Amino acid sequence: MIGYVLLITAAIAMSFIVYSWMKTYVPKGELKCPDDVSMTITDTIRCTDAKMIVTIKNNGLFNIDGYTIKGDAYKGAVGVGKKDLYEQGYFYFGKPCKPQEKDDCISLPFGSDNLTDPLFTIKEVEITPIRAQSNAETGKNETIICGNAITKKTIEDCIIRLKN
Amino acid sequence: MNIKNNLKVTSKNKMNKKGVSPIIATVLLVAMVLVIAIIVFFWLRGFLKEPITKFGDENVELACDKVVLTGKLDDSQTNLEISNNGNVPIEEVKLKLVDAGGNYDSYTAGSRLKAGKTLRQINEKDLTKKDETSAKIVFENYKKIVIIPVLLGKTSSGEEKKYVCPDRNGKEVYITQK
């Protein structure tokens with residue numbers, strides 16, 4: 001009788017120790033951008049008055065809520081690497097950009113209004129879509145970056161004003 | 001006959017010898033096992049790492065698998081650019097500069113890299129090496145750079161702690177020898 005009690009107690013204690021040790025290794029449902037998210041830069045990127053205007057088309061199968069935009073920047077002939085063209089970081093559309101629609105995907109002209117900021121030549125633009133997705137575990141809407149749907153476009157003669 | 005009698009006497013003597021009662025023996029055995037188990041548990045606990053979690057109670061090691069990094073050296077090979085294209089914020093990056101012989105030097109670029117952000121123009125001025133205030137490095141002296149993410153997690157006591165992801169989660173950037 002004592003043997004059984006000890007055996008069961010030991011088994012319960014061991015299972016508790018193993019559970020508390022291993023529970024952090026259980027993967028949570030990863031919030032991931034669907035594979036069919038896709039975005040393209042339509043028309044030619046226009047650069048006027050030291051600002052850049054980009055028109056986007058959602059050619060994927062899911063809504064897109066915004067994007068990050070980076071430019072391969074040069075100060076004169078010297079490359080300074082990728083710069084955020086939208087100071088605030090993530091640009092959000094007023095309402096989601098729906099698949100195959102263009103009207104909802106209008107962006108602000110990118111670039112600084114401050115005339116004392118330096119001018120940069122942008123030679124390539126890189127856009128990464130952003131989606132707001134519901135997390136099944138927390139029930140909250142979370143913003144996720146679709147690193148699997150980055151779009152790049154080479155441009156010429158584009159000079160815009162950006163913060164240093 | 002004598003031999004038979006002798007055997008009987010010996011076995012009787014044996015039966016009369018006193019020993020520990022079965023209950024005491026069991027209690028002693030159980031107590032010893034428990035004591036040994038406690039000693040082994042406390043000894044082994046020193047070898048176990050305290051779990052660091054991120055995103056609730058998920059182990060930070062699993063978060064390392066979700067990191068999406070890209071790295072690029074500029075044409076002059078003096079500036080490194082690192083982009084975080086995933087959804088895991090990176091606290092800082094560790095650079096492992098590996099030479100042709102397989103030897104390496106480790107440096108830390110202590111800048112936070114939020115999701116979707118890019119660290120621009122990382123050069124020798126931005127890097128620190130353990131026990132050194134400044135490090136003078138020339139990327140061209142090396143064969144490749146391994147960019148290893150360092151994540152910020154929480155311990156069970158709620159304390160924030162940095163976790164250096166394993167090398168397999170690092171991004172390799174090869175350096176062109178001129």
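Below, each value reflects all heavy atoms present in this structure, side chains not excepted, and no hydrogens, waters or symmetry copies. Within every chain, numbering begins at 1; the chains are lettered A, B, ... in the order of the sequence lines, protein sequences first and strands thereafter. These numbers were taken from a predicted model, which means no experiment stands behind them.
- The contact between B:T118 and chain A is made by backbone and side chain atoms together, counting heavy-atom distances below 4.5 Å.
- Put simply, B:Y107 and B:L73 are part of the same group of oily side chains (I, L, V, M, F, W, Y) that touch within less than 4.5 Å, one to the next.
- Counting heavy atoms of neighbouring residues, nucleotides and ligands inside a 6.0 Å radius, atom CG of A:D35 does not exceed 12 of them.
- Residue-environment remark: CG (A:N114) exceeds the threshold of 12 foreign heavy atoms within 6.0 Å.
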Residue pair B:N85, A:I145: steps toward the side chain to side chain contact (heavy atoms under 4.5 Å, CB included) verdict: CA-CA 7 Å; B:N85 292 327; A:I145 293 164; 5.8 Å; no
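- Within 6.0 Å of the CD1 atom in B:I23, the count of heavy atoms belonging to other residues, nucleotides or ligands does not exceed 12.
- Only the side chain of A:I150 comes within contact range of chain B, with heavy atoms under 4.5 Å apart.
- Highest contact tally toward chain B, considering only A:K32, A:K23, A:K83, A:E142, is held by A:K83 [criterion: heavy-atom pairs under 4.5 Å].
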Under the side chain to side chain contact (heavy atoms under 4.5 Å, CB included) rule, what do A:D84 and B:K117 come out as? Steps first, then yes or no, please. CA-CA 8 Å; A:D84 281 314; B:K117 291 283 171 190; 3.3 Å; yes
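- Going from atom CE of A:M22 over to atom CG of B:N59 covers 9.5 Å, rounded to the nearest 0.5 Å.
- When all heavy atoms are compared, the tightest approach of B:E58 to A:V26 is CG-O, 4.4 Å.
- Atom NZ of B:K66 is surrounded by more than 12 heavy atoms from other residues, nucleotides or ligands within 6.0 Å.
- Proximity to chain A (any heavy atom under 4.5 Å) is shown, for B:D57, by both the backbone and the side chain.
- A continuous path of Ile, Leu, Val, Met, Phe, Trp and Tyr side chains, each step under 4.5 Å between heavy atoms, connects A:L162 with A:I127, placing both in one hydrophobic cluster.
- Atom OG1 of residue B:T26 and atom CG of residue A:L6 lie 9.5 Å apart, to the nearest 0.5 angstrom.
- A:Y92 OH: more than 12 foreign heavy atoms inside a 6.0 Å radius.
- Residue A:K82 comes nearest to B:S83 through the heavy atom pair NZ-OG, 3.6 Å, listed as atom of the first residue, atom of the second, then distance.
- Heavy atoms of other residues, nucleotides or ligands lying less than 6.0 angstrom from NZ of B:K143 number 12 at most.
- Using a 4.5 Å cut-off between heavy atoms, A:I144 contacts chain B through both its backbone and its side chain.
- Within the 4.5 angstrom heavy-atom criterion, no atom of B:V33 approaches chain A.
- Considering every non-hydrogen atom in both B:F41 and A:I17, the closest pair reads CE1-CD1, 4.5 Å.
- Linking Ile, Leu, Val, Met, Phe, Trp and Tyr whenever their side-chain heavy atoms come within less than 4.5 Å leaves B:V60 and B:V150 in two separate clusters.
- Between A:D72 and B:K72 there is a side-chain heavy-atom pair separated by less than 4.5 Å.
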